[in-house]
Amino acid sequence: MTQHPAAPRPAETGDRRPTVVTLVGNPRPGSRTLAAARTVAARVADHLGLAPADATEPAAATIDLAEIATEILAPEHPRADAARQIAASATVLVVATPVYKGSYTGLLKAFLDLYGPDGLAGVVAVPVVVSGNPAHALAGEVHLRPLLVELGATVPARTLALLDSRLGEADLTSTVDAWLDHAGGPLLRAASDAVGPESIHLTAPELAEVTR
């Protein structure tokens, strides 16, 4: 597959509003993976303070690869190219996939293959895997995390592993918040490094966590 150069970084395109972008690799449109990933992105955005009250545009964006699946492998793929640039310009990129044969989906891999070396440089990535079996909990650490690192993303926290049977609102929120108890500090530090601490809306205790 033809690889493309990395999307322009903020220094090349002018100031950008810090954003949390959700990238979902489930081949089914409107999947439960998509719904779960949006919840994760919302909790992460809230934790990092990336949704200021005076925002004039959404603080989060969603890329559902199922909607552009038919063109990703085509010679011309303008919607995929647009999605690639949105993902590469994110402050935080939540990358979610169902576990398929012990790994991520072929759809997600095909999309990420559109990037050249360091295509996600400067992006803080949050890998998320959804599986029906607790035995697959390490699929994200073994397969997805190394792929994101290879593309130049910073992955400061362990993969968030979600069980398909626990995607109800209460269970999902509880699981994400428990994960943030451990991942929140590293995410704050990485996001602050990416966009500058003045762009992250922190409380005093959170700022102490970042600068620790």
Under a single-linkage definition using a 4.5 Å side-chain heavy-atom cutoff for Ile, Leu, Val, Met, Phe, Trp and Tyr, are Ile86 and Leu93 assigned to the same hydrophobic cluster?
yes
Does any part of the side chain of Trp179, heavy atoms only, come nearer than 4.5 Å to the side chain of Val44, both counted from C-beta?
yes
Val126 and side chain to side chain contact (heavy atoms under 4.5 Å, CB included): which single residue from Val95, Leu148, Val20, Leu187 fits?
Leu187
Going by heavy atoms in the side chains, are Val40 and Leu160 under 4.5 Å from each other?
yes
With no hydrogens and no angle check, is any side-chain donor or acceptor of Tyr104 less than 3.5 Å from a backbone partner on Val99?
no
Which is it for Leu114 and His77 under the side chain to side chain contact (heavy atoms under 4.5 Å, CB included) test, yes or no, and what are the steps along the way?
CA-CA 10 Å; Leu114 295 176; His77 33 65; 3.8 Å; yes
Quick one, Thr175 with Leu162, criterion side chain to side chain contact (heavy atoms under 4.5 Å, CB included). Give me CA distance, side-chain angles, the key distance, then yes/no.
CA-CA 8 Å; Thr175 300; Leu162 302 173; 3.7 Å; yes
Is it true that a side-chain atom of Thr105 and a backbone atom of Gly25 form a donor plus acceptor pair closer than 3.5 Å?
yes
Can any side-chain N or O of Ser131 pair as donor or acceptor with the backbone N or O of Asn133 at less than 3.5 Å?
yes
Do Val123 and Thr91 come close enough that some side-chain heavy atom pair is under 4.5 Å?
no
Salt bridge flag under 4.0 Å for residues Asp193 and Arg189
no
Return each pair, listed once, that meets salt bridge (charged side-chain N to carboxylate O under 4.0 Å, His left out) where at least one residue sits in residues 139-153; pairs must be two or more places apart or across chains.
Glu141-Arg145, Glu141-Arg158
Option passing side chain to side chain contact (heavy atoms under 4.5 Å, CB included) with Thr33 (candidates Asp64, Val130, Val129):
Val130
Taking it one step at a time, do Leu48 and Val92 satisfy side chain to side chain contact (heavy atoms under 4.5 Å, CB included)?
CA-CA 10 Å; Leu48 297 180; Val92 177; 3.6 Å; yes
Any side-chain to backbone donor/acceptor pair from Thr173 onto Ala170? Under 3.5 Å, distance only.
no
Just verifying a value: how many Å separate Asn26 CG and Leu65 CG, rounded to the nearest 0.5 Å?
10.0 Å
Hey, could you give me the OG1/NE2 distance between Thr159 and His143, rounded to the nearest 0.5 Å?
11.0 Å
Just so I know, are the side chains of Leu107 and Ile72 near enough to count as touching, which here means a heavy-atom distance under 4.5 Å?
yes
Measuring from atom CD1 of Ile63 to atom CG of Leu34, what distance do you get when rounded to the nearest 0.5 angstrom?
11.5 Å
Fellow cluster residues of Val142, listed by chain then number, with links counted only when side-chain atoms sit under 4.5 Å apart:
Leu138
Residues at least two apart in sequence or cross-chain that pass salt bridge (charged side-chain N to carboxylate O under 4.0 Å, His left out) with Arg43, listed by chain then number, are Asp177
Quick check on Arg79: does its CZ atom have over 12 non-hydrogen neighbours (other residues, nucleotides or ligands) under 6.0 Å away?
yes
So do Val24 and Thr97 actually touch side chain to side chain, heavy atoms under 4.5 Å?
no
Between Lys109 and Ser103, is any pair of side-chain heavy atoms under 4.5 Å apart?
no
Answer whether the closest heavy-atom distance between the side chains of Val149 and Thr154 falls below 4.5 Å.
no
So which atom in Ala157 and which in Ala183 form the shortest heavy-atom distance, rounded to 0.1 Å?
CB-CB, 3.4 Å
Report yes if some heavy atom in the side chain of Leu151 is under 4.5 Å from a heavy atom in the side chain of Asp118; otherwise report no.
no
